[in-house]
Amino acid sequence: MRARVLAFVMVLELILIAAANAGEGLPGPKAVIPSVSEAHRAAFSEVKTIRLVLHEEDVEEAEQADVDLWEAVAGVLELVGLDVVADGPADAELVITASAMHYPPGTSEIGAEATAEATLTMNECPPLRATWWEARPDMSDIPAAPRASATLAREIARNSCARSFLCLLAELDTDAFCSLLQVDDELGRSSALFVTGQWAGAPAVPLVIETLKDPDETWRKRAAYILGECGPVAEPAVPALIDALADEDPSVRAFAIQSLGQIGPAPEVFVPLLADALEDDDEGVRMMAAGVLANIGPSASGAVPALADALEDDEVGVRVSAAVALAKIGPPARGAVPALADALDDSEAAVRGFAAAALGKIGAGAELAVPALAEILTDGDLGVRIMATKALGEFGPAAQPAVPALTEVMRDQEPFLRMAAAASLGDVGPTAAPAVPVLTEALRDEKWAVRAAATGALGKIGPAAESAGPALMELLEDVDAPVRLNAGLALIETGFSPEAGLLSIIQVLRAEDPDVREAAAGRLGDLGPAAAAAIPALEQLLEEEKDASVKEATREALERIRGSD
């Protein structure tokens, strides 16, 4: 149970916080093999015969493991016009190193995986190397197969072997690579298609667009997915992908939505299409639409009404995805506040938790939900209670009506919840003064993270928390540096003993953990000229410090304390 709760919270944190990255959801830059030179390309153009060598590592044999890795790679080489030999004279040598394993039921892992590395040597050029696993870790073909077999592992290795060479081919001869997108051979075409996204890029896009029109839904689905992997260079595919939103196959529609999100058409064009997709007959399509709207963020505000309606979807996954999208849209989603408040009564804990988080992210304009959030602080699910507690902190002073409920949470047996409650009370600020006695008690909590959060909260409450001064003074001897740091800052902010507080922060500059040293320097910088007494210690730290981040924080702190621009 505890593991599920923590997983729930971690996933939520990743979705709502890490996604602040502007490039979230977009593929990285086109992968390249830096060592490929014009000399390599010229040499490859002369290659007619190639010697193929296969090294198999950890490939477990079984009676039905009949996938021939050598024949698979040889078949792809022949498709691009190369004569393959196992030994003897040749224009070049290709060495494939394959590894495949499977984990049957009863072992610590279940599934199958494989990797492959291709090394090409020709004439006097330095060898070229491409590892499919390193190039595309997200496409490593590890199925969660409950009855994975040696046959499955070798089948994965077969695909990986072909693709490892195709990474090289895409760099050496794009035309030859693109020709594989038009062959009838299943392995050659599918392998080339999946390598396209990261290696061939723009030259292959027209051919992938044509594949999007294939009569076979399997190829259409693959094409719809790969166009997104190509990223912005696949912009010419936008009209075809929009047409694919009406495809009879739901997987094609879902991947078309995902790829459009990765390519990035204008929100004014794309958002209405996604809002319509929230009413698709297929659950997966609806979830994908909500997920892409989440990645778009505030610019997806036009879909807020449709997302609010989706909070009542029959499928829990769609309801959760809609709540996440509203959280990512943030303040522009205030029109969904009533629907989100209703979702706090959802039968599924995940929906209640994500709805609470969304209300917090919307913030101003969602204050009417504060009483409802305070009420679910007693929810039967720990994850919901944690997210509701954190959400109330997002409202700042507007969450003052929830102070009694947050104060009660400080007595919960779950330390993570106590920590979250302390942080939220601090965010409420001076009007959370009624919680000072309980926060003062928390300064003796057995968990250092709770003590640190409580000291931080008392500091944010400010002079109204001066009564906690004696207990804060005791924490200047705490064994944990983050607690001493927060205690010192709280002594300054409450006005109980600014001198002792400043001295404590200066001493923390010598903490063993570089992150703590960086934080201490930052706090001193925040104090500005009032921290002038810390200048000698900061100068010494700047001279002796090895960690680049700490040095930068120290340098900035000195500038701010000295009043330098």
Side-chain angles (χ1 to χ4, degrees), residues 28-57 59 68-100 114-137 139-140 157-183 185 187-205 207 230 233:
K30 176 181 177 290
V32 295
I33 300 173
S35 54
V36 174
S37 65
E38 288 305 317
H40 282 106
R41 295 188 177 94
F44 187 74
S45 68
E46 302 298 324
V47 173
K48 304 299 181 186
T49 303
I50 191 164
R51 181 168 55 252
L52 175 60
V53 179
L54 179 66
H55 295 311
E56 298 184 53
E57 301 175 352
V59 180
D68 194 316
L69 307 185
W70 197 92
E71 288 293 339
V73 181
V76 173
L77 294 172
E78 290 168 354
L79 285 171
V80 293
L82 295 171
D83 293 327
V84 182
V85 296
D87 49 42
D91 301 321
E93 179 180 77
L94 177 66
V95 178
I96 301 288
T97 302
S99 173
T115 62
E117 174 184 295
T119 304
L120 179 65
T121 305
M122 50 191 175
N123 294 342
E124 297 181 357
C125 295
L128 294 176
R129 172 180 169 275
T131 304
W132 175 251
W133 177 268
E134 293 175 348
R136 293 294 309 279
M139 288 290 294
S140 55
R158 177 176 180 265
N159 293 334
S160 298
C161 286
R163 294 172 188 174
S164 62
F165 164 70
L166 289 175
C167 295
L168 289 169
L169 182 63
E171 288 291 321
L172 291 168
D173 190 338
T174 303
D175 291 340
F177 174 87
C178 289
S179 69
L180 291 175
L181 296 173
Q182 299 172 296
V183 301
D185 180 84
L187 177 62
R189 186 182 183 195
S190 63
S191 295
L193 188 63
F194 277 101
V195 171
T196 294
Q198 290 291 307
W199 296 92
V205 167
L207 296 171
C230 293
V233 299

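- Considering CG of Leu166 and OG of Ser191, their distance stands at 6.0 Å, rounded to 0.5 Å.
- Side chains of Arg158 and Ser160: a donor-acceptor N/O pair is absent below 3.5 angstrom, by distance only.
- Nearest heavy atoms, Phe177 versus Ala192: CZ-O, 3.2 Å.
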- Message: Quick one, Leu172 with Leu120, criterion side-chain contact (heavy atoms from CB on, under 4.5 Å). Give me CA distance, side-chain angles, the key distance, then yes/no.
- Response: CA-CA 11 Å; Leu172 291 168; Leu120 179 65; 3.6 Å; yes

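- We find the CG-CZ distance between Leu82 and Phe44 to be 5.0 Å, quoted to the nearest 0.5 Å.
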- Message: If you apply the rule side-chain contact (heavy atoms from CB on, under 4.5 Å), what do you find for Val195 with Leu169, and how did you get there?
- Response: CA-CA 10 Å; Val195 171; Leu169 182 63; over 6 Å; no

Using distance only, find each side-chain donor-acceptor pair of residues 84-96 under 3.5 Å and give its atom names and separation, not counting sequence neighbours.
| unit_1 | atom_1 | unit_2 | atom_2 | d |
| --- | --- | --- | --- | --- |
| Asp91 | OD2 | Lys48 | N | 2.7 |
| Asp91 | OD2 | Thr49 | N | 3.0 |
| Glu93 | OE2 | Arg51 | NE | 3.1 |

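- Residues Asp175 and Ser179 are not in side-chain contact: their nearest non-hydrogen atoms beyond the backbone lie 4.5 Å or more apart.
- Asp185 meets the side chain to side chain contact (heavy atoms under 4.5 Å, CB included) test with Leu79, Val183, Leu187; sequence neighbours excluded.
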- Message: Under the criterion side chain to side chain donor-acceptor pair (under 3.5 Å), I'd like the reasoning laid out for Arg129 against Thr131: C-alpha separation, chi angles, the key distance, then a yes or no.
- Response: CA-CA 7 Å; Arg129 172 180 169 275; Thr131 304; 3.2 Å; yes

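- Smallest separation of non-hydrogen atoms from Thr174 and Pro203: CG2-CB, 3.6 Å.
- Two residues are said to be in side-chain contact when any heavy atoms from C-beta on lie closer than 4.5 Å; Glu117 and Ser164 fail this criterion.
- The shortest side-chain heavy-atom distance between Leu128 and Val36 falls under the 4.5 Å cut-off.
- Taking every heavy atom of both residues into account, Leu52 and Ala74 meet most closely at CD2-N, 3.8 Å.
- The closest donor-acceptor contact from the side chain of His40 to the backbone of Met122 lies at 3.5 Å or more, if one exists at all.
- Here salt bridge (Lys or Arg N to Asp or Glu O under 4.0 Å) pairs that include residues 31-46, with residues two or more places apart or in two chains, are Glu38-Arg41, Arg41-Glu171.
- Contact detail for Cys167 and Ala130: the closest heavy-atom pair is CB-CB, 3.9 Å.
- Within the 4.5 Å cutoff, the side chain of Trp199 has no heavy atoms near those of the Leu168 side chain.
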- Report the C-alpha distance between Asn159 and Arg163 in whole Å, list the side-chain angles of each, state the deciding distance to 0.1 Å, and finish with yes or no for side-chain contact (heavy atoms from CB on, under 4.5 Å). CA-CA 6 Å; Asn159 293 334; Arg163 294 172 188 174; 4.1 Å; yes

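- In terms of modelled atom types and a separation under 3.5 Å, the side chain of Asp68 and the main chain of Trp70 share a donor-acceptor contact.
- Across all their heavy atoms, Val73 and Ala162 have their closest contact at CG2-N, 4.3 Å.
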- Task: Show your reasoning for whether side-chain contact (heavy atoms from CB on, under 4.5 Å) applies to Ser45 and Asp173.
- Result: CA-CA 8 Å; Ser45 68; Asp173 190 338; over 6 Å; no

